[in-house]
Engineer: 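Right, I'll just put the structure down here and ask away after.
The analysis underlying the following values was restricted to heavy atoms, covering all of them including side chains, and did not include hydrogens, waters or symmetry mates.
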Amino acid sequence: MLSTSGTRRLTGLYWVSGSLTCTPTRRPQRSDRGVHRTLQITAKAVQFTLQTSAGKKTPIQKDFCSIGTGGGSDLLLDGQKVEQEHACIESKSGRLYLSALVGDPDNFRDETRTWLNDSELRPGCSYLLTPGAKLAFGDQAQQYVIEFDEKSGPDPLGDMLMKGMLSQASPEVRKQMEQGL
């Protein structure tokens, strides 16, 4: 059972996709007027700022920010080594992640020309961003610093990932993690 603003109750099973749009997993029920309705949940987008080394700040408030030279990019860059669709910053569960869109995801050693804190990203992986992290696209010398208010509170996705990794860890690592070291 799902309630929206306390006005109407919707029954049935629902699942939430990455864009936070709820879609029925069973056939939709007809409303009082005989019209099918779609339930849309909108989450507040995370606001962040990218600052160049020259001090220029670009505020962005989107759940998905595309970075590249293409006209449709949210952050438009120039440079010989920057691709049209080079990278993206995405909000998942209130956390920000950086992904390189360059390179072959099946080849972990393929270069992406995308850096986080002076380490090149691997293709096909998303990296958790922290406030003050240094990002570079195409040319490592041209860096951006990302600023945002970090989410506080429980992180179910992070907890699930840590528990999965911990289950495969050695007994020594498990013991240290349980002690909080």
Side-chain angles (χ1 to χ4, degrees), residues 4-5 15-23 38-162 164-165 180-181:
T4 59
S5 305
W15 62 274
V16 180
S17 71
S19 64
L20 294 180
T21 302
C22 287
T23 310
T38 303
L39 175 65
Q40 178 84 25
I41 297 177
T42 1
K44 184 178 177 186
V46 176
Q47 181 170 347
F48 60 94
T49 303
L50 289 173
Q51 181 176 344
T52 65
S53 53
K56 180 185 174 193
K57 293 183 177 184
T58 305
I60 299 172
Q61 186 167 351
K62 296 185 92 173
D63 286 329
F64 183 87
C65 173
S66 59
I67 301 166
T69 60
S73 296
D74 299 309
L75 181 62
L76 195 58
L77 302 177
D78 58 351
Q80 291 181 331
K81 296 181 179 181
V82 180
E83 300 292 327
Q84 282 191 340
E85 294 180 355
H86 195 90
C88 67
I89 297 174
E90 187 173 13
S91 173
K92 298 177 187 174
S93 301
R95 309 262 192 232
L96 290 177
Y97 293 86
L98 175 65
S99 300
L101 302 177
V102 178
D104 180 8
D106 294 329
N107 182 357
F108 227 47
R109 293 181 178 216
D110 207 5
E111 75 174 18
T112 61
R113 298 181 307 280
T114 306
W115 292 270
L116 171 60
N117 294 327
D118 299 320
S119 295
E120 189 171 13
L121 273 59
R122 297 295 94 213
C125 296
S126 292
Y127 293 80
L128 180 64
L129 294 173
T130 56
K134 291 185 246 170
L135 316 177
F137 311 98
D139 182 4
Q140 192 174 1
Q142 296 178 350
Q143 293 193 346
Y144 294 82
V145 175
I146 188 166
E147 291 297 335
F148 59 94
D149 290 331
E150 194 164 21
K151 177 186 171 189
S152 61
D155 179 14
L157 180 62
D159 292 345
M160 180 183 70
L161 290 171
M162 288 302 291
M165 289 189 301
L181 296 177

Engineer: If I compare all heavy atoms of Val82 with all of Thr69, which pair ends up nearest, and what's the gap?
Structural biologist: O-CG2, 3.5 Å
Engineer: Rounded to the nearest 0.5 Å, what's the gap from OG1 on Thr58 to CD1 on Ile146? Could you check?
Structural biologist: 11.0 Å
Engineer: Are any of the side-chain heavy atoms of Cys65 and Phe48 separated by less than 4.5 Å?
Structural biologist: yes
Engineer: If you measure from CD on Gln84 to CG on Leu77, what distance do you get to the nearest 0.5 Å?
Structural biologist: 12.5 Å
Engineer: Taking all heavy atoms of Thr114 and all of Ala87, pick out the closest pair and write down the distance.
Structural biologist: CG2-CB, 4.2 Å
Engineer: So do Phe137 and Leu98 actually touch side chain to side chain, heavy atoms under 4.5 Å?
Structural biologist: yes
Engineer: List the steps, then state whether salt bridge (Lys or Arg N to Asp or Glu O under 4.0 Å) holds for Arg122 with Glu120.
Structural biologist: CA-CA 7 Å; Arg122 297 295 94 213; Glu120 189 171 13; 3.6 Å; yes
Engineer: When rounded to the nearest 0.5 angstrom, what distance separates CD1 in Ile89 from CG in Asp63?
Structural biologist: 12.5 Å
Engineer: Minimum heavy-atom separation for Gly138 to His86, with atom names?
Structural biologist: N-NE2, 3.6 Å
Engineer: Working to the nearest 0.5 angstrom, can you tell me the gap between Thr130 OG1 and Glu147 CD?
Structural biologist: 9.5 Å
Engineer: Could you tell me if Asp149 and Gln47 have a donor-acceptor pair between their side chains, going purely by distance under 3.5 Å?
Structural biologist: no
Engineer: State the CD-NZ distance between Gln142 and Lys81, to the nearest 0.5 angstrom.
Structural biologist: 11.0 Å
Engineer: Step through the shown structure and confirm whether more than 12 heavy atoms of other residues, nucleotides or ligands are within 6.0 Å of CD on Glu85.
Structural biologist: no
Engineer: Which atoms form the tightest heavy-atom contact between Ser73 and Ser66, and what is the distance?
Structural biologist: CA-OG, 3.3 Å
Engineer: Taking the side chain as C-beta and beyond, is there a heavy-atom pair between Glu83 and Leu101 under 4.5 Å?
Structural biologist: no
Engineer: Considering only heavy atoms from C-beta outward, does the side chain of Ile67 approach that of Leu135 to under 4.5 Å?
Structural biologist: no
Engineer: Looking only at heavy atoms, what is the nearest atom pair of Asp74 and Phe64, with distance?
Structural biologist: OD2-O, 3.3 Å
Engineer: Does any N or O in the side chain of Thr112 come within less than 3.5 Å of the main-chain N or O of Leu121, such that one atom is a donor and the other an acceptor?
Structural biologist: yes
Engineer: Taking CG in Asp118 as the centre, count heavy atoms belonging to other residues, nucleotides or ligands within less than 6.0 Å. Is the count above 12?
Structural biologist: yes
Engineer: Please round to the nearest 0.5 Å and tell me the distance separating atom NZ of Lys56 and atom OH of Tyr144.
Structural biologist: 8.0 Å
Engineer: Which heavy atom of Leu50 sits nearest to which heavy atom of Leu75, and what is that distance?
Structural biologist: CD1-CD2, 3.2 Å
